[in-house]
**Q** 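Have a look at this one before I ask anything.
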Amino acid sequence: MNNEIKLFEGNKIRSSWDEEKEEWYFSIVDIIGILTDSKNPRRYWSDLKRKMKDEEGAVQLYENIVQLKLKSPDGKMRETDATDMQGIFRIIQSAPSPKAE
């Protein structure tokens, strides 16, 4: 997988290209941070994931979440939840944020 930084409205989104599946995977925590302006997007994602599982039965989303080693802000490669574009759209739909619209 090739890791890259994508920019969205000046915000960094860590991403990785999966050559086998021929699709991009994006850091969910980075997306959540942009959508919610949360000071702790990792915690926000944890809470949203639990809510989605309890209320919406988001089994299909969980099938598309993978753990990838992406470069963290401290420069180290750390595992983080990532998903493809379809998964990102699903998360955007579930995030209670005006930016998600």
Side-chain angles (χ1 to χ4, degrees):
M1 286 199 176
N2 298 322
N3 294 333
E4 287 188 20
I5 298 290
K6 302 288 185 193
L7 293 178
F8 177 76
E9 295 181 357
N11 298 293
K12 293 180 181 179
I13 301 172
R14 293 170 291 163
S15 63
S16 185
W17 175 253
D18 184 330
E19 290 186 25
E20 185 178 309
K21 293 183 179 182
E22 296 187 348
E23 62 186 329
W24 284 99
Y25 283 80
F26 302 92
S27 166
I28 296 171
V29 172
D30 294 351
I31 300 289
I32 291 294
I34 293 168
L35 288 177
T36 65
D37 293 326
S38 172
K39 299 288 183 203
N40 190 345
R42 187 172 305 282
R43 175 60 188 242
Y44 194 103
W45 167 234
S46 177
D47 292 345
L48 180 61
K49 190 168 30 173
R50 185 174 27 260
K51 177 185 172 230
M52 289 172 67
K53 184 177 181 186
D54 292 346
E55 295 178 6
E56 303 170 21
V59 174
Q60 185 179 9
L61 173 62
Y62 280 96
E63 292 172 358
N64 291 332
I65 295 175
V66 296
Q67 286 280 306
L68 295 179
K69 281 196 173 193
L70 299 174
K71 190 178 280 189
S72 64
D74 65 7
K76 295 182 180 178
M77 298 298 282
R78 300 188 188 274
E79 285 193 348
T80 189
D81 284 348
T83 189
D84 59 13
M85 191 58 75
Q86 180 181 357
I88 292 298
F89 286 136
R90 180 71 180 90
I91 291 164
I92 291 170
Q93 290 173 339
S94 297
S97 167
K99 287 185 175 183
E101 295 175 12

**Q** A quick test of your reading: do over 12 heavy atoms of other residues, nucleotides or ligands sit less than 6.0 Å from CZ of Arg43?
**A** no
**Q** Which distance, rounded to the nearest 0.5 Å, do you find between the CH2 of Trp24 and the CG of Asp84?
**A** 13.5 Å
**Q** Decide whether Ser94 and Arg90 meet the rule of one side-chain donor and one side-chain acceptor closer than 3.5 Å.
**A**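 The answer is yes; a qualifying pair exists.
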**Q** Indicate if Trp17 and Met77 have the same hydrophobic cluster label, given that clusters are the connected sets of ILVMFWY residues with side-chain heavy-atom separations under 4.5 angstrom.
**A**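 No.
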**Q** Atom CD1 in Ile28, atom CH2 in Trp45: separation rounded to 0.5 Å?
**A** 4.0 Å
**Q** Could you grab the distance from atom CD1 of Ile13 to atom CG of Leu70, nearest 0.5 Å is fine?
**A** 12.0 Å
**Q** How long is the straight-line distance from CD1 of Ile88 back to CD of Gln93, given to the nearest 0.5 Å?
**A**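 Answer rounded to 0.5 Å: 12.0 Å.
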**Q** Say you draw a straight line from CD of Glu23 to OG1 of Thr83; how long is it, rounded to the nearest 0.5 Å?
**A**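 Atom-to-atom, Glu23:CD and Thr83:OG1 are 8.5 Å apart.
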**Q** Would you call Lys49 and Asp81 a salt bridge, taking side-chain N to carboxylate O under 4.0 Å as the test?
**A** yes
**Q** I need the Ile31 CD1 to Arg14 CZ distance, nearest 0.5 Å.
**A** 10.5 Å
**Q** Less than 4.0 angstrom from a charged side-chain N to a carboxylate O is my criterion; do Lys51 and Asp47 meet it?
**A** no
**Q** Please check if the number of heavy atoms outside Gln67 that lie under 6.0 Å from its CD is greater than 12.
**A**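 Result for CD/Gln67: enclosed.
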